[in-house]
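Read through the structure below, which is laid out as structure tokens, and then see the notes.
Remember, it's a predicted structure, so these values are computed and weren't measured experimentally. Just so it is clear: chains get the letters A, B, ... in the order the sequence lines come, proteins before strands, and each one is counted from 1.
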Amino acid sequence: MKDSLVVYNTVNRIKEKFEPLNSPFVGMYVCGPTVYSDVHLGNCRTFVSFDLIFRYLLHLGYKVRYVRNITDAGHLEGDRDEGDDKFSKKARLEQVEPMEIVQKYTLGFHEVLTLFNTLPPSIEPTATGHISEQIEMVKEIIDNGFAYVVNGTVYFDVEKYSKENNYTLLTNRNLEDMLNNTRELGGQDEKRGRLDFALWIKAKPEHIMRWPSPWGVGFPGWHIECSAMSNKYLGAQFDIHGGGMDLAATHHTNEIAQSQACNHTNPAKYWMHTNMLTVNGVRMSKSAGNGFLPHELFTGSHPLLKKGYTPMSIRFFMLQAHYRSTLDFSNDALDAAEKGFKRLMNAMVLLKELHPSDRENDINIPELEDRCYTAMNDDFNSPVLIAELFEGVRIINGAYDEKVFLNSEQIDQLKTLMEQFVYEVLGLKDDILKMDEDFDKVMDIVVGLRNEAKENRDYVSSDKIRDSLQKIGIQLKDNKSTTLWLKN
RNA sequence: GGUCGGAUGGCCGAGUGGCUAGGCAGAGGUCUGCAAAACCUUUUACAGCGGUUCGAAUCCGCUUCCGACCUCCA
């Protein structure tokens, strides 16, 4: 199964066989958030996508080191490497220390990702914790002749770099056109070329986050942190580098340039990019102001929402689309996903109640399992996997209703299959049907009373209990011999 | 303007030369004391125009529309 995994590589724009540089070890670096504001749902989609990838690689038996950074310094407000960094600006706005901003939104980020049931990365390094590594890397790039210093700021020389390297590897853009683009360079630009970007930026007097360096007091540029930290924890070359598609053209392009200039290699064998979450067909983004905060979605407090959705319904909604497709966000789509998710979770409960039968049947669980692996091996195609799992749901429901018959071996196979893919690979869990031991016991009593009334043909009483439970979202499911209850 | 990617049924969303994706919604049925759930059956598709092919939603060309990146964003 491991041998047939293919992944889409942005570098060549095709799906390629996944062959780790040093199997069974896999190094994966994913660009994390800039923690100057709340994560919105679009950000979450990327991290849920890479969580799926992480989980599946683990499931296949790879020893994965998953590094995802926290950007807590150096990310500037505007373009052209000028202006405030995002943390200082927000700190001034909220009248706190920049690191209080960092702390607040880092905690928020972790809280949200925990709700989405993502596994924590193996290492989560911060930019501020790796200033010296970044300085070392900048020094090396200067020594190698690909950067220059102007008045305390260090710039990467894209034009020089592109003479020997393909700068537009990820985007396939025409460099000449980019260089000749006549857009205004703006006032007193220190850069030699308009594509040059800052590796280290001189701090203005009012700038709070600052560190000493060989070029004076300053702070690192945005792109260098990922190069320095991936290099430190995964080596000069590793297997997967990922992030949102919006990062490919600038951030990842510059990361490759930095690593080439420093280590003479593209840092990653496979570059993977996740697509955007859209609202009414337009990308969800902070600047567009169409961002949904996870919290607004859970509680339904956003004006565009009719109701709230549980984190797992939303995770399921995201996984029903392929990570490289845009996913459009709407009430109807979420409602549909929520219902489908409940159906899947109900089946997971029934799965535990199945009894083996000796009756002949032609149900082939191993074949279903093969189809599940085929789906995931095809560039982590979770929507197809989910479609296959609904075949499992049909089998489970049929078996529970005693219309389909499974022997004990088949039940075990089905349990393994469903639990591995639903819980382990897709990372779904039951946040709708919250079970609790005491509550279970109480429900047993209630259901017992209701069935007693039913047996005595006291339907007024039995229906009253059933309907009252229905109103608070507990559904009784009668079959021939027993009654099961499920929370909706 | 440049680069790249889209356009699939009422909605979401896979697929990508011949075989039902799937979920939600709709219709009919089975089961049930009645329900619910479940199960079975079923309706509505591949933007338009050409071309290649025995055969195209899938490949090629053109057209229209949409989006992303090119400026901070996952």
Side-chain angles (χ1 to χ4, degrees), chain A residues 10 13 30-34 36-37 39-50 75-80 83 86 168 170-174 176-178 180-181 183 195 222 242-251 253 273-278 281-288 291 316-317 320-322 324-344 346-347 350 371 375 378 381-391 393-394 396-398 400-404 454 457 459 462-463 466-467 469-470 475-480 484 486 488:
Chain A
T10 307
R13 286 165 207 82
V30 173
C31 292
T34 303
Y36 71 102
S37 65
V39 281
H40 62 68
L41 204 69
N43 305 122
C44 294
R45 187 193 179 195
T46 293
F47 302 121
V48 167
S49 294
F50 281 105
H75 205 152
L76 296 185
E77 268 294 316
D79 59 347
R80 296 201 293 273
K86 296 184 170 187
T168 56
L170 290 180
T171 54
N172 209 23
R173 283 206 294 261
N174 185 327
E176 288 304 306
D177 290 349
M178 290 173 75
N180 295 336
N181 190 322
R183 196 210 304 230
L195 294 178
W222 175 36
M245 262 179 195
D246 51 339
L247 298 182
T250 306
H251 183 54
T253 290
H273 291 99
T274 57
N275 216 323
M276 300 293 107
L277 188 69
T278 60
V282 181
R283 171 184 174 187
M284 184 181 285
S285 72
K286 285 171 187 168
S287 50
F316 180 80
F317 166 69
Q320 266 195 311
H322 186 88
R324 281 191 291 114
S325 301
T326 54
L327 174 60
D328 201 57
F329 185 84
S330 68
N331 264 309
D332 287 349
L334 279 168
D335 281 342
E338 184 184 52
K339 284 181 187 164
F341 176 59
K342 280 180 181 171
R343 199 161 114 83
L344 179 62
N346 282 350
L350 298 184
R371 291 209 303 272
D378 184 14
N381 198 328
S382 55
V384 171
L385 169 64
I386 288 171
E388 303 294 1
L389 292 176
F390 273 104
E391 178 62 28
V393 168
R394 242 190 310 281
I396 292 166
N397 286 331
Y400 185 77
D401 286 344
E402 294 171 42
K403 288 170 184 159
V404 169
K454 196 178 133 193
R457 298 190 171 268
Y459 295 123
S462 71
D463 286 359
R466 187 182 67 192
D467 296 344
L469 289 172
Q470 183 77 44
Q475 180 209 2
L476 298 187
K477 189 170 158 55
D478 290 331
N479 84 348
K480 279 165 193 155
L484 202 72
L486 296 167
N488 270 321

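The backbone N or O of A/Ala321 lies less than 3.5 Å from no partner atom in the side chain of A/Ser325, so there is not a single donor-acceptor pair. Under a 3.5 Å cut-off, the side chain of A/Thr278 and the backbone N or O of A/Leu327 do form a donor-acceptor pair. Between the side chain of A/Ser330 and the backbone N or O of A/Ala333 there is at least one donor-acceptor pair closer than 3.5 Å. With hydrogens and angles disregarded, a donor-acceptor distance shorter than 3.5 Å links the side chain of A/Asn43 to the backbone of A/His40.
Each of B/G23, B/C11, B/A14 was ranked by its minimum atom distance to the side chain of A/Phe390; first place goes to B/G23. Closest to the side chain of A/His322, from the set B/A14, B/A74, B/G22, is B/A14. Relative to the side chain of A/Lys477, the nucleotides B/C12, B/A36, B/C24 differ in distance, and B/A36 lies closest.
Remark: B/C65 base-pairs with B/G6; criterion is Watson-Crick or G-U wobble with both hydrogen-bond distances under 3.5 Å. Across all strands shown, B/U42 pairs with B/G26; the Watson-Crick or G-U wobble distances both stay below 3.5 Å. Remark: B/G18 base-pairs with B/C54; criterion is Watson-Crick or G-U wobble with both hydrogen-bond distances under 3.5 Å. Of all nucleotides present, only B/C70 satisfies the Watson-Crick or G-U wobble test against B/G1, with each distance under 3.5 Å. The base-pairing partner of B/A37, taking Watson-Crick or G-U wobble contacts with both distances under 3.5 Å, does not exist among the strands shown.
Each of A/Val384 and A/His40 has a nearest nucleotide on RNA chain B; the 5'-most of these lies closest to A/Val384.
At B/A38, none of the side-chain N or O atoms of A/Asn397 fall inside 4.0 Å of OP1 or OP2 (strictly under the cut-off). Phosphate contact (OP1/OP2 of B/C39, side-chain N/O of A/Arg394, threshold under 4.0 Å): absent. Look at A/Lys339 and you'll find a side-chain N or O under 4.0 angstrom from OP1 or OP2 of B/A25. A/Thr278 has no side-chain polar atom (N or O) that falls below the 4.0 Å cut-off from OP1 or OP2 of B/A68. Residue A/Asn275 has no polar side-chain atom (N or O) positioned under 4.0 Å from OP1 or OP2 of B/A68. For A/Thr250 and B/C70, the shortest distance from a side-chain N or O to OP1 or OP2 is below 4.0 Å. Regarding contacts with the backbone of B/A68, every side-chain N or O of A/Arg324 stays at 4.0 angstrom or more from both OP1 and OP2.
The interatomic distance linking A/Tyr400 (OH) with B/A37 (P) rounds to 15 Å, in whole Å. Spacing between atom CG of A/Leu170 and atom C1' of B/G2 amounts to 17 Å, rounded to whole angstrom units. Between A/His251 atom NE2 and B/C72 atom P there is a gap of 12 Å when expressed in whole angstrom units. Separating the CZ atom of A/Phe329 from the C1' atom of B/C24 is a distance of 16 Å, rounded to the nearest angstrom. The distance from atom CG of A/Asp401 to atom C1' of B/C40 is 12 Å, rounded to the nearest whole Å. At whole-Å resolution of the value, CZ in A/Arg457 and C1' in B/A35 are 16 Å apart. The interatomic distance linking A/Arg13 (CZ) with B/C4 (C1') rounds to 8 Å, in whole Å. As rounded to whole Å, 10 Å separates atom P of B/A68 from atom CE of A/Met276.
Heavy atoms of A/Leu334 sit nowhere under 4.0 angstrom from any nucleic acid atom. A/Leu476 comes within contact range of at least one nucleobase, with a heavy-atom separation under 4.0 Å.
The pair A/Asp478-A/Lys454 counts as a salt bridge, with a side-chain nitrogen and a carboxylate oxygen less than 4.0 angstrom apart.
Only the P atoms considered, B/U44 is 48 Å distant from B/U71, to the nearest whole Å. Remark: the separation of the C1' atoms in B/G48 and B/C39 is 42 Å, to the nearest Å. Between B/G50 and B/U42, the distance separating the two P atoms is 33 Å to the nearest Å. Taking atom P on both nucleotides, B/C46 is separated from B/G10 by 10 Å, rounded to a whole Å.
Classified by interplanar angle (parallel below 30°, tilted 30° to 60°, perpendicular above 60°), the ring pair A/Phe316/A/Phe341 is tilted.
Stacking of the aromatic ring of A/Tyr459 onto the base of B/G33 is found: the ring centres lie under 5.5 Å apart and the planes are inclined by under 30°.
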